[in-house]
Amino acid sequence: MTTTTYQFRNNPQQLGPLQQVLDPITRHDLAKIPIRPGWRTLDIGAGAGSITRHLADTVGPTGTVLAVDRDTDLLDPTAVIEVYQRDLRNGLDLPIAPGSIDLVHSRCVLEHLANRADLLTPMTTLLRPGGWLLLGEIVYSRALIHHAPTGDDNHLIYRVIHAILDTLATGGTDLDWGNITHSHLLDLKMTHVHSRTCADTWTGGGPGCQLLADNARQLHDRLLHADLDDAGLCRFGELMADPTVALRGYQYTSTLAQKPE
């Protein structure tokens with residue numbers, strides 16, 4: 001077992017904005033898959049369950065969604081949704097027969113785990129022939145600030161965003177993982193592998209900037225060791241609520257693949 005762990009807590013302040021930012025991307029990617037009523041699907045790292053619920057609506061009352069997370073407090077089982085509490089650092093141990101899952105989805109999970117590459121094998125093993133895998137991760141990119149009240153504010157936003165990313169990387173998060181997922185899936189003989197990367201503009205007060213503000217709050221003590229101080233972090237929080245602020249948000253890469261028939 002490794003001690004590497006997810007560096008943010010599952011709470012509505014973090015997961016709510018994250019879902020608002022990433023759910024449109026994930027739904028766009030899921031729409032490329034011919035999901036049918038009755039499918040058995042697996043949502044790994046289900047968080048607050050927005051994609052779990054979307055999948056449940058898609059597979060209908062005859063389908064199944066297995067939602068897995070280390071912290072399941074925000075997940076509610078239903079007739080369609082089965083909830084499993086699992087620590088993925090110990091592997092993917094689920095009561096599921098190999099080859100019985102139609103779709104596996106995981107978002108912003110593997111990059112936080114030292115055994116990320118090893119987990120791909122059980123994920124693909126659980127898929128039926130012709131089944132689909134959709135993975136997505138935030139990847140490292142240079143911050144771009146479109147507008148801030150002053151030049152000093154522009155510089156501060158840039159410094160804090162990069163300090164957040166550097167702090168995550170120092171703590172074991174692989175912010176390059178989303179860039180190399182594609183090659184790993186090719187090595188596992190997956191087919192129709194396709195990746196896309198996007199980064200939207202975030203405005204102060206919007207969900208993306210709310211996410212940044214929460215990231216800075218959760219990492220506050222560690223950011224103080226990155227040549228930042230309380231006054232600067234307080235100002236960053238104010239700027240993330242300022243509607244005149246505009247910046248390029250986190251870069252996100254999703255990869256879709258199909259298991260050979």
Does a side-chain heavy-atom distance below 4.5 Å link [X] with [Y]?
{"X": "Phe236", "Y": "Leu212", "answer": "yes"}
{"X": "Leu224", "Y": "Asp230", "answer": "yes"}
{"X": "Asp76", "Y": "Ile81", "answer": "no"}
{"X": "Leu119", "Y": "Leu110", "answer": "yes"}
{"X": "Asp29", "Y": "Arg196", "answer": "yes"}
{"X": "Glu137", "Y": "Thr253", "answer": "no"}

Atom [atom1] in [X], atom [atom2] in [Y]: separation rounded to 0.5 Å?
{"X": "Tyr84", "Y": "Leu94", "atom1": "OH", "atom2": "CG", "answer": "7.5 Å"}
{"X": "Ile51", "Y": "Thr41", "atom1": "CD1", "atom2": "OG1", "answer": "11.0 Å"}
{"X": "Thr124", "Y": "Lys189", "atom1": "OG1", "atom2": "NZ", "answer": "12.5 Å"}
{"X": "Thr203", "Y": "Leu247", "atom1": "OG1", "atom2": "CG", "answer": "7.5 Å"}
{"X": "Leu144", "Y": "Ile157", "atom1": "CG", "atom2": "CD1", "answer": "11.0 Å"}
{"X": "Arg40", "Y": "Asp102", "atom1": "CZ", "atom2": "CG", "answer": "8.5 Å"}

Give a yes or no on whether the backbone of [Y] and the side-chain of [X] come within a donor-acceptor separation of less than 3.5 Å.
{"X": "Asp229", "Y": "Gly232", "answer": "yes"}
{"X": "Ser100", "Y": "Leu127", "answer": "no"}
{"X": "Gln258", "Y": "Val193", "answer": "no"}
{"X": "Thr173", "Y": "Leu175", "answer": "no"}
{"X": "Gln251", "Y": "Thr197", "answer": "no"}
{"X": "Asp242", "Y": "Gly204", "answer": "no"}
{"X": "Arg70", "Y": "Leu88", "answer": "no"}
{"X": "Arg248", "Y": "Arg142", "answer": "yes"}
{"X": "Ser254", "Y": "Gly136", "answer": "no"}
{"X": "Arg107", "Y": "Thr26", "answer": "no"}

Are [Y] and [X] linked, directly or through intermediate hydrophobic residues, by side-chain heavy-atom contacts shorter than 4.5 Å (ILVMFWY only)?
{"X": "Trp202", "Y": "Ile161", "answer": "yes"}
{"X": "Val68", "Y": "Leu134", "answer": "no"}
{"X": "Ile96", "Y": "Val65", "answer": "no"}

Closest non-hydrogen atom pair between [X] and [Y], with its separation:
{"X": "Met240", "Y": "Ala213", "answer": "CB-CB, 3.9 Å"}
{"X": "His182", "Y": "Ser195", "answer": "ND1-OG, 2.9 Å"}
{"X": "Asp93", "Y": "Arg86", "answer": "O-NE, 2.6 Å"}
{"X": "Ala216", "Y": "Ile164", "answer": "N-CD1, 4.0 Å"}
{"X": "Ala246", "Y": "Thr201", "answer": "CB-CG2, 4.4 Å"}
{"X": "Arg53", "Y": "Ala48", "answer": "NH1-O, 3.0 Å"}

Are more than 12 heavy atoms, taken from residues, nucleotides or ligands other than His155, located less than 6.0 Å from that residue's NE2 atom?
no
Could you point out which residue of Leu103, Leu256, Thr58 forms a side chain to side chain contact (heavy atoms under 4.5 Å, CB included) with Leu30?
Leu103
For the residue pair Asp214 and Gln218, confirm or rule out a side-chain donor-acceptor distance under 3.5 Å.
yes
Would Leu18 and Leu15 count as a side chain to side chain contact (heavy atoms under 4.5 Å, CB included) here? Give the steps.
CA-CA 5 Å; Leu18 185 70; Leu15 292 177; 4.2 Å; yes
Parallel, tilted or perpendicular, as decided by the 30° and 60° cut-offs, for the rings of His184 and Trp177
tilted
Output, in order, the C-alpha distance, side-chain angles, deciding distance and verdict of side chain to side chain contact (heavy atoms under 4.5 Å, CB included) for Tyr250 and Leu22.
CA-CA 10 Å; Tyr250 287 150; Leu22 295 183; over 6 Å; no
Start with the C-alpha distance between Ile44 and Leu92, add both sets of side-chain angles, then the distance that settles side chain to side chain contact (heavy atoms under 4.5 Å, CB included), and finish with yes or no.
CA-CA 9 Å; Ile44 299 174; Leu92 187 60; 4.0 Å; yes
Charged N to carboxylate O below 4.0 Å: is that the case for Asp153 and Arg235?
yes
